[in-house]
Amino acid sequence: MLEITDLQANYSGIQALRGVSLSVRQGEMVALIGPNGAGKSTLLNCVSGQIQPAGGSIKLDGIEVIGQNSWSVSRSGLLQVPEGRQVFAEMTVLENLQLGATALRGRPAVYPLSRVIELFPILGERRAQLAGSLSGGQQQMLAIGRALMGAPRLLLLDEPSLGLAPLVVKQVFATLRQLNQEGLTILLIEQNAKQALEVTGRAYVIEQGRIVHSGPSQELANDPEIEAHYLGQGAAAE
Ligand code: ATP
């Protein structure tokens, strides 16, 4: 479904991505893990059209995404849950969810409001509350719910575990896994390598703008080199 080839991105002289290639097949849940500043968010922002890459190709179902505006990318069902949730704090939970549905543009609502509330009952209970008054975990659920309202074909998540209590992380990841088992294709970007490898089928490791490892998540989780370098962070977060 998603085919990224030799992707390069720069910020005024800094090479953030140095020829990244990765793919996500329909129905897969794939992780991209790596330390701070490795280029994870840059990659995601290239895919969602928020950053123009310096080179390479990003194809969704064979169609080039580079050069498309972020709103036209979102209308093709490529929807991002941004780092730090970025909910609209002064709007209610319900209004935030309704905004997510604006990405539909005539496409059927695969995850209507009732389904989102079934997945995250707290959002139903707090529907009239301002989003800014929710806890971090509830805001993360709202950010995911908002993306689901736009009927993602491919859901991109940027560090959904950031700043959340371990129990809430488990809950959020369990819901993502459930969504994937129901057929949703997911690309999950995480510093919390341990938990990301537990819930995904395949993973890539990025470091200094380059993919340095890839393979089945379980194999990577059991690789002593990966464990030594990356799994300490996830373990520390627990
Ligand atoms: P984090 O987990 O901290 O978000 P990351 O893996 O997502 O890290 P990126 O945010 O993609 O990494 O950053 C990759 C590199 O690009 C880093 O060296 C970072 O300092 C740099 N960078 C990111 N955004 C900008 C920007 N807007 N301007 C200049 N440099 C940037």
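All figures in this text were calculated on a predicted structure; none of them were measured in a lab. Below, all heavy atoms of this structure are taken into account, side chains as well, without hydrogens, waters or symmetry copies. Along the sequence shown, residues are numbered consecutively beginning with 1. Just follow the structure's listing: the first ligand is 1, and inside any ligand the first atom is 1.
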Practice problem: Test Q138 against R126 for side-chain contact (heavy atoms from CB on, under 4.5 Å), laying out the working first. | Solution: CA-CA 10 Å; Q138 291 162 0; R126 310 242 154 133; 3.3 Å; yes
Quiz item: Does any N or O in the side chain of Q140 come within less than 3.5 Å of the main-chain N or O of V172, such that one atom is a donor and the other an acceptor?
Solution: no
Exercise. Kindly give the heavy-atom pair with the smallest separation between G136 and R85, and that separation in Å.
Key: O-NE, 3.5 Å
Exercise. Give the minimum heavy-atom separation between S23 and E3, together with the two atoms involved.
Key: CB-OE2, 3.8 Å
Exercise. State whether any protein heavy atom lies less than 4.0 Å from atom 20 (O) of ligand 1.
Key: no
Self-check item: Heavy atom of G34, distance to ligand 1 below 4.0 Å
Solution: no
Quiz item: So which heavy atom in the protein is nearest atom 3 (O) of ligand 1, and how far is it from that ligand atom?
Solution: N36 OD1, 2.4 Å
Quiz item: Just by modelled atom types, is the A196 backbone N or O under 3.5 Å from a matching donor or acceptor in the T200 side chain?
Solution: yes
Quiz item: Atoms of ligand 1 less than 4.0 Å from E83 heavy atoms?
Solution: 4 (O)
Quiz item: Quick one: OG on S21 to CD1 on I4, what's the gap to the nearest 0.5 Å?
Solution: 8.5 Å
Practice problem: Indicate whether the side chain of Q129 and that of T92 have a donor and an acceptor atom separated by less than 3.5 Å. | Solution: no
Quiz item: Which residue owns the protein heavy atom closest to atom 12 (O) of ligand 1, what's the atom, and how far is it?
Solution: G39 N, 3.1 Å
Quiz item: What's the shortest distance from atom 29 (C) of ligand 1 to any protein heavy atom, and which residue and atom give it?
Solution: Y11 CB, 3.4 Å
Exercise. Apply the test side-chain contact (heavy atoms from CB on, under 4.5 Å) to residues V81 and L155: give CA-CA distance (whole Å), side-chain angles for both, the deciding distance (0.1 Å), then the verdict.
Key: CA-CA 8 Å; V81 180; L155 185 66; 3.9 Å; yes
Quiz item: Can you tell me which residue and heavy atom of the protein come closest to atom 10 (O) of ligand 1, and the distance to 0.1 Å?
Solution: S41 CB, 3.8 Å
Exercise. Report yes if some N/O of A16 lies less than 3.5 Å from some N/O of ligand 1; otherwise report no.
Key: no
Self-check item: Proximal candidate to atom 13 (O) of ligand 1 [heavy atom criterion; set I14, I189, L17, T42]
Solution: T42
Exercise. Before signing off on this row, confirm whether G37 and ligand 1 have an N or O atom pair separated by under 3.5 Å.
Key: yes
Quiz item: With a cut-off of 4.0 Å, which atoms of ligand 1 are near a heavy atom of A38?
Solution: 5 (P), 6 (O), 12 (O)
Quiz item: If two hydrophobic side chains count as joined below 4.5 Å and joins carry through other members, does V87 share a cluster with V168?
Solution: yes
Exercise. With heavy atoms of Q191 as the reference, note each atom of ligand 1 found under 4.0 Å away.
Key: 2 (O)
Exercise. Examine ligand 1 and decide if any of its atoms is less than 4.0 Å from a heavy atom belonging to P35.
Key: yes
